Structures are given as structure tokens and as C-alpha cells.
Q: 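I'd like to ask some things about the structure below.
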Amino acid sequence: MTANNLEHVAIIMDGNGRWAQKRGLPRLAGHEKGAETLQEVVKAAVDLGVRYLTVYAFSTENWNRDKEEVSGLMKLLRKYMNSEFKPMQEEGVRILFMGERDMLDADIVEQMAKIERDSKANDKFTLCIALSYGSRQEIVSAVKKIALLAKKEDINIKDIDARMVADMLYTRSIPDPDIVIRTSGEKRISNYLLWQIAYSELFFTPTLWPDFGREELEQIISEFKQRERRYGKN
Ligand code: FPP
């Protein structure tokens, strides 16, 4: 059996709150440490030959969190966009965002567009950040786009296929994830990339996101390479 080819890793970065709580710190301290982990994991993924990394930074459901936590996360995001994305871009990382932009503040949306524009030509590695993202909403919006095309008679109903649906998603330009990792011991998908992970290999680790790192990513990748992927065949 030849080892599986690996292009795309998707991560649900869970457990920041519990990491902070265990130390008697405010939840935001867990998110700050989580942001440091993300930087380390991006470097590790580049070194390990991964081409695409998609991370769940903020879900559409996360808007329902405590006001203080939401504004703390937005502040962290602004800081991260100002300090961390620039060096990543300079190292050849393309940065993409996916999610409902109209929920976000205008300055954040502007900055996101600028980062995407400035890193557009980078082709070594793509970091895709799911922000204000929900997979069902993404699929609903794809359905609406297709319905509109059909209504205008730009397409025939019989031509609607999986390829066309995939092309209407935020992830249209990137391959489906080979691996999905969720940290913190929770075994759920939580409205993340529901369409795209049809044949992904799932990994659940009890490690809280701030404690996750290069070594564990390496272990997961090496287990992935040994797994048999059948895509429904025998
Ligand atoms: C889940 O942990 C994590 C989040 C909702 C936020 C993830 C954000 C980061 C890792 C910050 C870095 C990202 C950027 C781009 C600045 P949780 O709060 O649900 O933890 P809990 O389940 O232990 O409460």
C-alpha cells in the first residue's frame, strides 16, 4: 500500500476557554495562547509539506457568546492581522478568509480584503481562516446562487452536479481536506465544512488547542499516511 498523499489539513481549534480556566485565567488568555499555537502550527504545516491549512477561528454561532468575549476575540483578530499576517505573507503564505463578512466590523472586512489581495500571488502554502463561518449557511448560499442561475436560464437543472455545488462554496479554489483535527476531546463537527469533509479522515485529540503543536501534528500526519482511504469502494 502506498502512503496517502496529503494536501489539506483542517482544524477545529477547541479548548482555549478550558485551558485558561484550568489556570484561573480569563478565557481571553486562552484565546491569546491559542493564537500563538496557530502561528506555530502554520510553520509546522509548511515544514511538513502541507499545502492548505483551514482553521475555524470563529463560527456564526460564536456571535452568541458573551459580548465581552466576542469583542476580546475581535480585538485579538485585529492585533493578529496587524502583526502576524504580514510576516506570513512575506514567507510566501497566501491568506484567505471564509464566512459571513457582513456580520463583521467594516475595518476588519477591509483589512481582510487587503490581506487577501496582497497575498494573492503566493502559491507555496494557503492559510484559510474560517471567520464568522457556518457550513449550513455556506451551503444555503450556494443553493441560492444556483437557483438564481437556473431562474435566469443561465444553466439547465440537469447540469447541476456536485462539481457545480462545490464551485459555489467559499472553498471553491481549494481541494477538500484530507484530514480534520478537533482538539479538546469533543467529538463533533460543529457546522464545519460539512460538504467538503465527505471523505476526510477525522482525528480527535484530548489536547486543548493552546497545548497542541508540531509534535502532535506530525503524529497525526504519520497516522494519516498509514490509513486506508476507500472512498466508498471495497
Ligand atoms: C474554541 O475554544 C476557540 C475559539 C472559539 C476561537 C479560536 C480562536 C483562536 C485560536 C484565536 C486565534 C485566531 C485568530 C485568527 C486571531 P473555546 O473558547 O470554545 O474553548 P472551550 O470549549 O474550552 O470553552
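Numbering of ligands and ligand atoms starts at 1, following listing order. Here the structure is a predicted model, which is why all the values come from computation and not from measurement. Only this structure's heavy atoms are used, side chains among them; waters, hydrogens and symmetry mates stay out.
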Q: At a 4.0 Å cut-off, with the gap strictly under it, does some heavy atom of Phe58 reach an atom of ligand 1?
A: no
Q: Do ligand 1 and Asn62 have nitrogen or oxygen atoms that lie under 3.5 Å from each other?
A: no
Q: For the pair Tyr199 and Tyr231, name the ring-plane relationship: parallel under 30°, tilted 30 to 60°, perpendicular over 60°.
A: tilted
Q: Report the nearest protein non-hydrogen atom to atom 10 (C) of ligand 1: residue, atom name, distance rounded to 0.1 Å.
A: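 The answer is Asn16 ND2, 3.4 Å.
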Q: Can a cation-pi geometry be assigned to Arg23 and Trp19, taking NZ or CZ under 6.0 Å from the six-membered ring centre and within 45° of the ring axis?
A: yes
Q: First locate atom NZ of Lys22, then atom CG of Asp211, and finally report the distance between them rounded to the nearest 0.5 Å.
A: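 Interatomic distance, Lys22 NZ to Asp211 CG, rounded to 0.5 Å: 6.5 Å.
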Q: Would you check if the side chain of Arg182 reaches a backbone N or O of Thr205 as a donor-acceptor pair within less than 3.5 Å?
A: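 Checking the backbone N and O of Thr205 against the side chain of Arg182, no donor-acceptor pair under 3.5 Å is found.
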Q: What is the nearest protein non-hydrogen atom to atom 4 (C) of ligand 1, stated with its residue, atom name and distance?
A: His31 CE1, 3.9 Å
Q: In the protein, what heavy atom is nearest to atom 22 (O) of ligand 1, and what distance, to one decimal place, separates them?
A: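 Protein heavy atom at minimum distance: Arg18 NH2, 2.9 Å.
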Q: At what distance is the nearest protein heavy atom to atom 20 (O) of ligand 1, and which residue and atom is it?
A: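 Scanning the protein heavy atoms, the shortest distance from atom 20 (O) of ligand 1 goes to Gly17 N, 3.0 Å.
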Q: Does Tyr133 have any side chain to side chain donor-acceptor pair (under 3.5 Å) partners at least two apart in sequence or in another chain, and if so, which?
A: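 Per chain and number, Tyr133 pairs via side chain to side chain donor-acceptor pair (under 3.5 Å) with Glu138.
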Q: Considering only the protein, which heavy-atom contact is closest to atom 15 (C) of ligand 1, and what is its distance?
A: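 Ranked first by proximity to atom 15 (C) of ligand 1 is Leu77 CD1, 3.9 Å.
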Q: Which part of Trp209 is near ligand 1, with near meaning a heavy atom under 4.0 Å away: side chain, backbone, both or neither?
A: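 Within the 4.0 Å criterion, Trp209 contacts ligand 1 through side-chain atoms alone.
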Q: Can you tell me the protein heavy atom closest to atom 3 (C) of ligand 1 and the distance?
A: Met13 O, 3.1 Å
Q: The test is side-chain hydrogen bond (donor to acceptor under 3.5 Å, both in side chains); show your working for Ser132 and Glu100 and say whether it passes.
A: CA-CA 5 Å; Ser132 187; Glu100 313 268 318; over 6 Å; no
Q: If you take the nearest heavy atom of each of Ser184, Ala20, Ala57, Ala130, which one is closest to atom 8 (C) of ligand 1?
A: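 Of the listed residues, Ala57 has the closest heavy atom.
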Q: Just distances here: any N/O of Phe85 and N/O of ligand 1 closer than 3.5 Å?
A: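 There is no such contact.
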Q: Considering Arg65, Arg78, Arg27 one by one, which has a heavy atom nearer to atom 19 (O) of ligand 1 than any of the others?
A: Arg65
Q: Working to the nearest 0.5 Å, report the span between CG of Asp14 and CZ of Phe204.
A: 11.0 Å
Q: Could you tell me whether the side chain of Thr37 and the main chain of Pro210 form a donor-acceptor pair under 3.5 Å?
A: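 Answer holds: yes.
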Q: Among Thr183, Ile11, Leu38, whose heavy atom sits nearest atom 13 (C) of ligand 1?
A: Leu38
Q: Any luck finding a side-chain donor-acceptor pair between His8 and Gln196 under 3.5 Å?
A: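 Side chains of His8 and Gln196: no pair found under 3.5 Å.
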